[in-house]
Colleague: 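There's a structure below that I have some questions on.
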Amino acid sequence: MVLVVGDVNSSLAASIVARKLGIPVAHVEAGLRSFDESMPEEINRKLIDCLSNLLFVSEPAGVENLRREGIDMARVHLVGDIMLETLQIFLPRIRKRRRWEDFHLSRASYALVTLHRAANVDDPEALSEIIDLVESIPYPVILPLHPRTGKRLEEFGLTARIDTLPNLKLVPPQPYIDFLSLIEGASLILSDSGSIQSEASFFNVPCLACREITEHPVYAERGAVTLVGRDKKRVIDALARIEQGHRPGSGDMIRELGEGVAQRIVKIVSETLL
């Protein structure tokens, strides 16, 4: 059996090759849907789920998505979010790291921003709107710059503008533990990532998603994630609520989604193969 994780091109490629060789496939993080086929990940998710013999789902909405699509439900197993379990394993190292101190900042005094999706960075007007959002954040901002985003800033002549933002610290992409340390210590996350939504929720850090829909609805439903798109007013309104003390407080419920995930996967795979 080949286990593939997530929705990247390599997961799809491995699924196709394995099935053509007669090897069964298990998909970890099956059933996630953004319902936006302009995202390449959405196409990958659907194809991998169709190819997979076992579908390991991270949250309840994923089960309903697969049921609606006519997938044989005998192949579907709700196991929880493996990323949350991974976070729990590395938690002592993450908390010890205190990466924000390297930037002479204190805990909960800064925002962490990440941006890389084509819809936000491949169009000059969209990317300019994103910079407007960053500019509206009233405290220091750490922005690990994705290579795609950096390239587009140069192409669209926006580098000079972003360089003039007084509170912005542009840094290279961060290693796993360093980046999670920055999430854990942040007061706010502004991002268009899917995985960061679950990671921010784990640490009870408010996450403003620069998207109109998410493939991880459980985190929005439990109050940890707010969808703001590229709407500056929605960001300002969300910032006001955070300043008034409205924070997620749902970390314990979120962490339950990451308990015993690997053991469930191993048990089901073993029962299937033996």
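Predicted model only: the values in this text are computed from it and were never measured.
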Colleague: I'd like a table of donor-acceptor pairs (distance under 3.5 Å, sequence neighbours excluded) in which one partner is a side-chain atom from residues 15-24, with atom names and distances.
Modeller:
| residue | atom | partner | partner atom | Å |
| --- | --- | --- | --- | --- |
| S15 | OG | S11 | O | 2.8 |
| R19 | NH1 | L51 | O | 2.3 |

Colleague: How long is the gap from CD on E184 to CZ on R98, to the nearest 0.5 Å?
Modeller: 8.5 Å
Colleague: Restricting to non-hydrogen atoms, name the atom on L87 and the atom on F203 that form the minimum distance, rounded to 0.1 Å.
Modeller: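 Smallest interatomic distance, heavy atoms only, reads CD2-CE1, 4.2 Å.
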Colleague: Set out, in order, the CA-CA distance, both residues' side-chain angles and the distance that settles side chain to side chain contact (heavy atoms under 4.5 Å, CB included) for T114 and H146, then state yes or no.
Modeller: CA-CA 8 Å; T114 75; H146 191 284; over 6 Å; no
Colleague: Identify the two heavy atoms, one from A119 and one from R230, that lie closest to each other, and give their separation to 0.1 Å.
Modeller: O-NH1, 3.3 Å
Colleague: Rounded to the nearest 0.5 Å, what separates atom CD1 in I131 from atom CZ in F156?
Modeller: 10.5 Å
Colleague: Within the 4.5 Å heavy-atom criterion, are L112 and P144 side-chain neighbours or not?
Modeller: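 Side-chain contact under 4.5 Å: yes.
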Colleague: Indicate yes or no: at least one non-hydrogen side-chain atom of V218 is less than 4.5 angstrom from one of L257.
Modeller: yes
Colleague: Given R152, which of L127, L158, N120, T159 fulfils the side-chain contact (heavy atoms from CB on, under 4.5 Å) condition?
Modeller: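 In the set L127, L158, N120, T159, the residue that makes a side-chain contact (heavy atoms from CB on, under 4.5 Å) with R152 is L127.
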Colleague: Is there side-chain contact between L165 and V141, with at least one heavy-atom pair below 4.5 Å?
Modeller: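 The answer is no, as the side chains (C-beta and beyond) never meet within the 4.5 Å cut-off.
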Colleague: Check this for me: does any side-chain nitrogen of one of E271 and K267 sit under 4.0 Å from a carboxylate oxygen of the other?
Modeller: yes
Colleague: Same cluster for L91 and V261 if Ile/Leu/Val/Met/Phe/Trp/Tyr side chains link at under 4.5 Å?
Modeller: no
Colleague: Would you say the side chain of S34 lies within less than 4.5 Å of the side chain of E41, judging by non-hydrogen atoms?
Modeller: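 No, side chains not in contact.
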Colleague: Specify the closest pair of heavy atoms between H116 and V121, including all atoms of both residues, with the distance to one decimal.
Modeller: O-CG2, 3.7 Å
Colleague: Mark yes or no for whether E59, through its side chain, and V57, through its backbone, hold a donor-acceptor pair below 3.5 Å.
Modeller: no
Colleague: Measuring only between side-chain heavy atoms, which start at C-beta, is D81 closer than 4.5 Å to Y219?
Modeller: yes
Colleague: Can you get from L153 to I137 by hopping between Ile, Leu, Val, Met, Phe, Trp and Tyr side chains that sit under 4.5 Å apart?
Modeller: yes
Colleague: Does any N or O in the side chain of E85 come within less than 3.5 Å of the main-chain N or O of A262, such that one atom is a donor and the other an acceptor?
Modeller: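 Present.
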Colleague: Evaluate Y139 against L105 for side chain to side chain contact (heavy atoms under 4.5 Å, CB included), listing each step before the verdict.
Modeller: CA-CA 11 Å; Y139 24 83; L105 295 169; over 6 Å; no
Colleague: Checking T86 side chain against I82 main chain: does a donor-acceptor pair fall under 3.5 Å?
Modeller: yes
Colleague: Could you please spell out the steps behind the salt bridge (charged side-chain N to carboxylate O under 4.0 Å, His left out) verdict for D237 and R234?
Modeller: CA-CA 5 Å; D237 290 345; R234 285 153 71 184; over 6 Å; no
Colleague: If you count heavy atoms of other groups shown closer than 6.0 angstrom to CZ of R148, is the number above 12?
Modeller: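 Yes, CZ of R148 has more than 12 neighbouring heavy atoms, counting only those of other groups under 6.0 Å.
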Colleague: Within a 6.0 Å radius of atom CD on E259, are there more than 12 heavy atoms belonging to other residues, nucleotides or ligands?
Modeller: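 Enclosed.
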Colleague: Compare all side-chain heavy atoms of I268 with those of V79 and state whether any distance is below 4.5 angstrom.
Modeller: yes
Colleague: For L239 versus S136, what's the shortest heavy-atom pair and its separation?
Modeller: CD1-O, 3.8 Å
Colleague: Indicate yes or no: at least one non-hydrogen side-chain atom of T226 is less than 4.5 angstrom from one of R241.
Modeller: yes
Colleague: How long is the span from the CZ atom in R255 to the CG atom in L84, to the nearest 0.5 Å?
Modeller: 9.5 Å
Colleague: Do you know the tightest heavy-atom contact between A26 and M1?
Modeller: CB-SD, 3.7 Å
Colleague: Rounded to the nearest 0.5 Å, what separation is found between the NZ atom of K151 and the CG atom of D122?
Modeller: 9.5 Å
Colleague: Same cluster for I213 and L32 if Ile/Leu/Val/Met/Phe/Trp/Tyr side chains link at under 4.5 Å?
Modeller: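 Not linked; separate clusters.
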Colleague: Say whether, by atom type as modelled, one donor and one acceptor occur between the side chain of H77 and the main chain of L55 under 3.5 angstrom.
Modeller: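 Between the backbone of L55 and the side chain of H77 there is no qualifying donor-acceptor contact (under 3.5 Å).
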Colleague: What pair of heavy atoms forms the shortest contact from D192 to C210, and how long is it?
Modeller: CB-O, 4.0 Å
Colleague: Going by side-chain hydrogen bond (donor to acceptor under 3.5 Å, both in side chains), name the residues that satisfy it together with S109, two or more places apart in sequence or in a different chain.
Modeller: S106
Colleague: Any chance you could measure W100, atom CH2, to I142, atom CD1, to the nearest 0.5 Å?
Modeller: 10.0 Å
Colleague: Would you say S181's side chain and R99's backbone share a donor-acceptor pair under 3.5 angstrom?
Modeller: yes
Colleague: Side-chain heavy atoms under 4.5 angstrom apart, residues restricted to Ile, Leu, Val, Met, Phe, Trp, Tyr: same cluster for L54 and M73?
Modeller: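 No, it is not one cluster - the side chains of L54 and M73 are not joined through contacts under 4.5 Å.
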Colleague: For S128 and R161, what are the C-alpha separation, side-chain angles and deciding distance, and is it a side chain to side chain donor-acceptor pair (under 3.5 Å)?
Modeller: CA-CA 9 Å; S128 183; R161 182 183 170 199; 3.0 Å; yes
Colleague: Quick check, are the ring centers of Y110 and F103 under 6.0 angstrom apart?
Modeller: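 No.
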Colleague: Nearest 0.5 Å, what's the CZ-CG distance between R45 and D7?
Modeller: 4.5 Å
Colleague: Group every Ile, Leu, Val, Met, Phe, Trp and Tyr by side-chain heavy-atom contacts under 4.5 Å, then state whether V28 and M83 land in the same group.
Modeller: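 No: no chain of side-chain contacts under 4.5 Å links V28 to M83.
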Colleague: Between D49 and R75, does any side-chain N to carboxylate O distance fall below 4.0 Å?
Modeller: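 Not counted as a salt bridge, because no side-chain N and carboxylate O are separated by less than 4.0 Å.
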Colleague: Measure the shortest side-chain to side-chain distance between R68 and R33 over non-hydrogen atoms and say whether it is less than 4.5 angstrom.
Modeller: no
Colleague: Starting from the C-alpha separation in whole Å, work towards a yes-or-no answer on salt bridge (charged side-chain N to carboxylate O under 4.0 Å, His left out) for K46 and E37.
Modeller: CA-CA 10 Å; K46 290 183 175 182; E37 291 195 354; 2.7 Å; yes
Colleague: Do the side chain of T149 and the main chain of L145 share a donor and acceptor less than 3.5 angstrom apart?
Modeller: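 The answer is no, because no donor-acceptor pair under 3.5 Å joins these two groups.
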